[in-house]
Asks: 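Would you mind keeping the following structure in view while I ask a few things?
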Amino acid sequence: TQLLEQSPQFLSIQEGENLTVYCNSSSVFSSLQWYRQEPGEGPVLLVTVVTGGEVKKLKRLTFQFGDARKDSSLHITAAQPGDTGLYLCALTGGGNKLTFGTGTQLKVEL
Amino acid sequence: NAGVTQTPKFRILKIGQSMTLQCAQDMNHNYMYWYRQDPGMGLKLIYYSVGAGITDKGEVPNGYNVSRSTTEDFPLRLELAAPSQTSVYFCASREREISYEQYFGPGTRLTVT
């Protein structure tokens, strides 16, 4: 069974700070997705990365896929309260299924 | 498009009762999924379907059953509810062979007491 671990598990920061969350797999994967989930709602896709070493930017969010295709990171610049939520990575191996990571709960305070 | 809809939004069951969680999507997606999410955690796959009439087990199928008689609907059945099934249940769908993006419903919060 492929394991997908995220760190940190919890993160509480002040508005304007930068942060990075990590996603690590026990084995190589073909592609990876990042989702954000707000309280009381289902996850929403932020990005899919498919190439080792790939970097994608979505406004203040920067996603990186490790060269060895076993890890990924999400960096948020100048965090805002609207960034608060549960950030989930998910790997797209195993054909039709996603395997989700354990999640990073982010809280951005004024 | 309504996307993925789930009913009910909340439910309290007594131990041993049964219920069906409803899920429907209007995007003509072939792939549909049921997940459960325990507090502050990621999602665990219960069952999935790649098309009408085809279902398969995920990571945690025990205590649940599914059916897929139409492309639109994918109900999840709980038989003999147990406290360990207290969770938030999410249904999702995916467009076949386009991308791995899954579209999630708003969830059903289930408490078994």
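Numbers restart at 1 for each chain; the letters A, B, ... are given by sequence-line order, proteins then strands.
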Asks: Which bit of B:Gln102 comes within less than 4.5 Å of chain A, counting heavy atoms only: side chain, backbone, both or neither?
Replies: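 Both backbone and side chain.
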Asks: Should the ring pair B:Phe104 and B:Phe90 be called parallel, tilted or perpendicular, given that the plane angle runs from 0 to 90° and is split at 30 and 60?
Replies: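 Perpendicular, since the angle between the ring planes exceeds 60°.
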Asks: Go through the atoms of B:Leu45 and report whether side chain, backbone, both or neither lie under 4.5 Å from a heavy atom of chain A.
Replies: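 Interface part for B:Leu45: side chain.
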Asks: Identify which part of B:Tyr103 has an atom lying under 4.5 Å from any heavy atom of chain A, answering side chain, backbone, both or neither.
Replies: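 Contact with chain A: none, neither part.
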Asks: Under a 3.5 Å distance rule, please check whether A:Gln6 uses its side chain to pair with a backbone N or O of A:Gly103 as donor and acceptor.
Replies: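 Yes, A:Gln6 side chain to A:Gly103 backbone: donor-acceptor pair under 3.5 Å.
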Asks: Under 4.5 Å, heavy atom to heavy atom: which of residues 54-82 of chain A reach chain B? Give them by number, or say none.
Replies: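 The list, in residue order, is empty: none.
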Asks: Let me confirm one number: the CG-OG distance from B:Asp56 to B:Ser49, rounded to the nearest 0.5 Å.
Replies: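 Rounded to the nearest 0.5 Å, the CG-OG separation comes out at 9.5 Å.
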Asks: If you check every heavy atom in residues 32-48 of chain A against those of chain B, which residues fall under 4.5 Å?
Replies: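 Answer by number: A:Gln33, A:Tyr35, A:Gln37, A:Gly40, A:Glu41, A:Gly42, A:Pro43, A:Leu45.
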Asks: Going by salt bridge (charged side-chain N to carboxylate O under 4.0 Å, His left out), name the pairs with one or both residues in residues 14-41 of chain B, residues two or more places apart or in two chains.
Replies: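 Matches after skipping sequence neighbours: B:Arg36-B:Asp38.
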Asks: Got a sec, which pairs hit disulfide bond (SG atoms under 2.5 Å apart) with one end in residues 20-72 of chain B, sequence neighbours left out?
Replies: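 For residues 20-72 of chain B: B:Cys23-B:Cys91.
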Asks: Could you tell me whether A:Gln105 atom CD has more than 12 heavy atoms of other residues or ligands within 6.0 Å of it?
Replies: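 Correct, the count exceeds 12.
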Asks: Check whether B:Lys9 gets within reach of chain A through its side chain, its backbone, both or neither, counting any heavy atom under 4.5 Å.
Replies: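 Only the side chain of B:Lys9 comes within 4.5 Å of chain A.
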